[in-house]
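These notes are about the structure you will find just below.
Only this structure's heavy atoms are used, side chains among them; waters, hydrogens and symmetry mates stay out. Whatever order the structure lists ligands and atoms in, that order sets their numbers, starting from 1.
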Amino acid sequence: MAKKIVAGNWKMNKNLQEGIALAKELTEVVKNPNCDVIIGTPFIHLASVAEVIKGSCIQLSAENCANKASGAYTGEVSAEMVKSTGAEYVILGHSERREYYAETPEILKEKVELALANGLKVIFCIGESLEEREANKQNEVVKAELAGSVFHLSAEQWKNIIIAYEPIWAIGTGKTATADQAEEIHAYIRSCVAEVYGAEAAAETSILYGGSCKASNAPELFAKPDIDGGLIGGASLKAADFKGIIDAWG
Ligand code: PEP
């Protein structure tokens with residue numbers, strides 16, 4: 001059985017003090033959840049938030065890392081640096097990084113490899129644009145994204161990969177994929193994983209849904225057999241909203 005996970009992605013929101021306050025609030029309100037709970041924060045928050053959540057059920061993720069190991073790359077943050085803060089995860093392949101920062105499948109492949117080599121688990125995002133969905137190309141798109149950046153990994157490395165299916169047309173738009181639409185493509189993604197790593201590994205791979213997921217629609221989405229949780233943007237910025245989604249796991 002795949003692990004159930006609710007992961008937040010704060011994106012470029014919250015200054016350091018606000019981020020620490022939100023992390024503290026989460027440690028107070030999230031107790032004994034029926035899923036793993038991860039918060040993805042900006043780089044500068046990581047070390048401080050790691051201290052705040054120590055001993056709680058909340059785990060920590062970065063939202064990115066460099067595709068170089070170290071050296072003269074001004075402004076970049078390496079996977080090793082991320083790991084040294086206490087973070088255990090990194091979100092890679094988010095559509096905003098692909099679109100606004102020109103992150104290609106090759107660059108993402110390098111980032112994934114460095115993240116894994118430094119002991120981080122990767123939340124790898126895939127998903128189609130509205131035009132691609134309208135042309136019924138969503139399956140092709142997600143399969144190519146997987147093949148381009150993560151399907152070369154060994155079976156051992158694959159154990160540290162979490163997939164987040166995030167249709168771009170649903171991110172921050174208030175438009176959610178219906179539970180049936182999401183289930184259909186999640187099942188397809190799992191079948192792609194099974195083709196490469198086998199049925200057992202596919203069943204153990206967590207596949208999260210992302211895109212305007214909130215407390216009101218999470219129960220219906222999470223009830224689907226191939227949806228193992230959510231990657232949450234906007235609704236991860238308020239403790240009550242995020243907890244509402246975590247509570248969808250009962
Ligand atoms: C995201 O960008 O990862 C996301 C799911 O955003 P939102 O929940 O705001 O749609």
Open item on the list: Hydrogens and angles aside, do E128 and Y165 bring a side-chain donor and acceptor to less than 3.5 Å of each other?
Closed with: yes
Open item on the list: Please work out, at 4.0 Å between heavy atoms, whether the side chain, the backbone, both, or neither of N9 comes within that distance of ligand 1.
Closed with: side chain
Open item on the list: Applying a heavy-atom cut-off of 4.0 Å, say which part of A235 lies close to ligand 1: side chain, backbone, both or neither.
Closed with: neither
Task: Shortest non-hydrogen contact from G210 toward P167 - done: O-CD, 3.3 Å
Task: Over all atoms of both residues, closest heavy-atom pair of C65 and V82 - done: CB-CG2, 4.3 Å
Short list, please: which atoms of ligand 1 are under 4.0 Å from a heavy atom of [X]?
| X | value |
| --- | --- |
| S212 | 7 (P), 8 (O), 10 (O) |
| G211 | 5 (C), 10 (O) |
| G210 | 5 (C) |
| G172 | 7 (P), 9 (O), 10 (O) |
| H94 | 1 (C), 2 (O), 3 (O) |

- [ ] Examine ligand 1 and decide if any of its atoms is less than 4.0 Å from a heavy atom belonging to A170.
- [x] yes
Open item on the list: Would K11 count as a contact residue for ligand 1, given that I'm defining contact as a non-hydrogen atom of the residue lying under 4.0 Å from a ligand atom?
Closed with: yes
- [ ] Specify the protein heavy atom at minimum distance from atom 9 (O) of ligand 1: its residue, its atom name, and the distance to 0.1 Å.
- [x] G234 N, 2.8 Å
- [ ] Give the residue, atom name and distance (to 0.1 Å) of the protein heavy atom nearest atom 3 (O) of ligand 1.
- [x] E166 OE2, 2.7 Å
- [ ] Measure the CD-CG distance between Q17 and L22 for me, rounded to the nearest 0.5 Å.
- [x] 13.5 Å
Open item on the list: On a heavy-atom basis, I'd like to know which of A7, G40, G233 is closest to atom 8 (O) of ligand 1.
Closed with: G233
- [ ] List in chain and number order the residues that pass side-chain hydrogen bond (donor to acceptor under 3.5 Å, both in side chains) with K243, two or more places apart in sequence or in another chain; answer none if no residue qualifies.
- [x] D247
Task: Test side-chain hydrogen bond (donor to acceptor under 3.5 Å, both in side chains) applied to E80 - qualifying residues, sequence neighbours left out - done: none
- [ ] Look at the rings of Y197 and W158 and say which category their plane angle falls in: under 30° parallel, 30 to 60° tilted, over 60° perpendicular.
- [x] parallel
TODO: May I ask you to decide whether K159 forms a salt bridge with E156, counting only side-chain N to carboxylate O separations under 4.0 Å?
DONE: yes
